[in-house]
Protein chains: 2
Amino acid sequence: MKNKEIQEKRMKGYFIQATKEILKGEGLKAISVRNIADQAGYSYATLYNYFKDINDLVFLCVNDFQEECELFVSDLTNNEPKGITKLKASILAYIKYFVEYPGIFELFYITRGGDFGNKPQIISVISNSLDNACKKDWECCLKHKLIPEADTEKLKAQLRYSIIGLLSLYLNRLTPATYSEFIDRATMLIDSVLGIKPDIRDHLSKNDASTIQNSLISVTIKK
Amino acid sequence: MKNKEIQEKRMKGYFIQATKEILKGEGLKAISVRNIADQAGYSYATLYNYFKDINDLVFLCVNDFQEECELFVSDLTNNEPKGITKLKASILAYIKYFVEYPGIFELFYITRGGDFGNKPQIISVISNSLDNACKKDWECCLKHKLIPEADTEKLKAQLRYSIIGLLSLYLNRLTPATYSEFIDRATMLIDSVLGIKPDIRDHLSKNDASTIQNSLISVTIKK
DNA sequence: TGCATATATTAACACTGTTAATTATATTTG
DNA sequence: CAAATATAATTAACAGTGTTAATATATGCA
């Protein structure tokens, strides 16, 4: 029965779409079985014919949001000069995506969705979320030897963890209290992890896409 | 009326104690007004005579847990040789505290408790949680110039954020999947932030409390 | 069309936080 | 000490939550 599969996929799509809209709009706190079903135009119990529980449904949105996030990042950093500067811009854009959609941050890093053991694919997407959003930039930096290959994994890990922490404190604990202060700290954090000196060149480089800049090698922790 | 104040404080204490027990035991998911009231030996509505809502009550536990955490850290690191080694051990102990009590981690860094604007004291305790748990170690390292003073704030920030992220991924996303792997990553993270080279001395140093070791100065990002 | 199957819906259950009304308990006053 | 009052604790109720079982509706097939 091919029709059945098509219809089932369509139905799932309706619920997933509804869930995504609520998550991006009112956020995770507004997620409920009845809310989602309303938005999808069905009764709340119908949902259980297609998903085993509400977590199952909610976490299916992760893939779509990761795609959207990567688009968001590349859109926001298109004009940046390649190299460390663009890597830094991508990380900042990644941060801004989750500030714009706090519900998606909760979904990715906060909410405990019960039995994760069965969904290694989703866990993998989440764990590699930042790395994938900056994939091209890392490759570029490696290719041009702007970052020692031996350090990349350490740096990626440091960035992955510290940016989750930074966002957690800001979104969950209002620390720091203002957005501009938050962006300042984010910038400082990225700079200090990547070993970028606060420099006037940082402000000029946006309009200077000719050369690849800021080699990291000279300022990295030595082996 | 002095008696009234004493009695009120006592009553609050009963509920706070009950909340702490549940948080340390079954965790935050088991927290409910009726649950807490049961544990305290009162009816659920009685709770509202002493706390404006359940968040108000739950977040009053933060202070106690921070104290307990600092004790936990100093107990676990008493035998470590002072200096970078002890600082590192303290950070690891801090991590272990929250792995032992995931509910307290949720309370500190995850749960959104509504109107935080009115509780800057609690926010402050949370924001400075790690720094305070390692306060003496930082002071020692600074005093003996094991870490350049100019770098301390950056390093503290990096550690603060990345350890929250590390714990989030492990406790919320089971990444990595095993405890030993997690501890490995935690160790690597601390080492790479503090600039400690993986070294045999790390394993020997536990029984060598004679000297202060591992000066950071020579391996720090240069100014 | 009539029947069988699959799908959608309503009803119900056990929870949640919170408030209002009610009962029980202390305290103060005559 | 007894009665009136104030205070504290309790139960009842409401509007939510996720989930399941029973019922109603629509679909596909002979």
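None of these values were measured; they are calculated from a predicted model. Below, chains carry the letters A, B, ... as their sequence lines are ordered, and counting in each starts from 1.
Rounded to whole angstrom, the span from the CD atom of B:Glu8 across to the P atom of D:dT7 amounts to 13 Å. Taking atom CG on A:Asn49 and atom P on D:dT23, their separation rounds to 17 Å, with Å as the unit. Rounded to a whole Å, the CG atom of B:Leu28 is 13 Å from the P atom of C:dT16. As a whole-Å value, the separation of B:Met11 CE from D:dT7 C1' is 12 Å. Computed from coordinates, the B:Asn35 CG to C:dC15 P distance equals 10 Å when rounded to whole Å. Remark: C1' of D:dT27 and CD1 of A:Ile6 are 16 Å apart, rounded to the nearest angstrom. Rounding to whole angstrom units, NZ of residue A:Lys52 and P of D:dG18 are separated by 14 Å. In this structure, the CZ atom of A:Phe15 is 13 Å from the P atom of D:dG18, given to the nearest Å.
Taking side-chain N and O atoms only, A:Tyr48 has no distance below 4.0 Å to OP1 or OP2 of C:dT9. A close approach under 4.0 Å does occur between a side-chain nitrogen or oxygen of A:Ser32 and OP1 or OP2 of D:dT17.
Distance from the side chain of B:Ile54 is smallest for C:dT18 among the nucleotides C:dT18, C:dT9, D:dT19. When each of C:dA8, D:dT19, D:dT10 is scored by its nearest atom to the side-chain atoms of A:Asp53, the top-ranked nucleotide is D:dT19.
Of the residues near DNA chain C, A:Leu47 and B:Tyr44, the one whose nearest nucleotide (by heavy atom distance) lies more toward the 5' end is A:Leu47.
At the heavy-atom level, B:Ile31 lies under 4.0 Å from the strands shown only through sugar-phosphate atoms. Looking at heavy-atom distances under 4.0 Å, A:Tyr42 makes contact with sugar-phosphate atoms alone, never a base. Residue contacts shown for B:Phe51 are absent, as no nucleic acid heavy atom lies under 4.0 Å away.
In terms of heavy atoms, B:Gln158 sits closest to A:Ser162 at O-CB, 4.4 Å.
Residue side chain A:Arg34 reaches the base of D:dG18 through a donor-acceptor N/O pair under 3.5 Å, judged by distance alone.
Under the salt bridge (Lys or Arg N to Asp or Glu O under 4.0 Å) criterion, the residue pairs touching residues 122-136 of chain B are B:Asp131-B:Arg160, with sequence neighbours excluded.
For the pair A:Lys12 and A:Tyr50, the cation-pi test (distance below 6.0 Å, angle within 45°) is failed.
Around CD of B:Glu139, the count of heavy atoms belonging to other residues, nucleotides or ligands within 6.0 Å exceeds 12.
With sequence neighbours excluded, the residues satisfying side chain to side chain donor-acceptor pair (under 3.5 Å) with A:Glu106 are B:Arg112.
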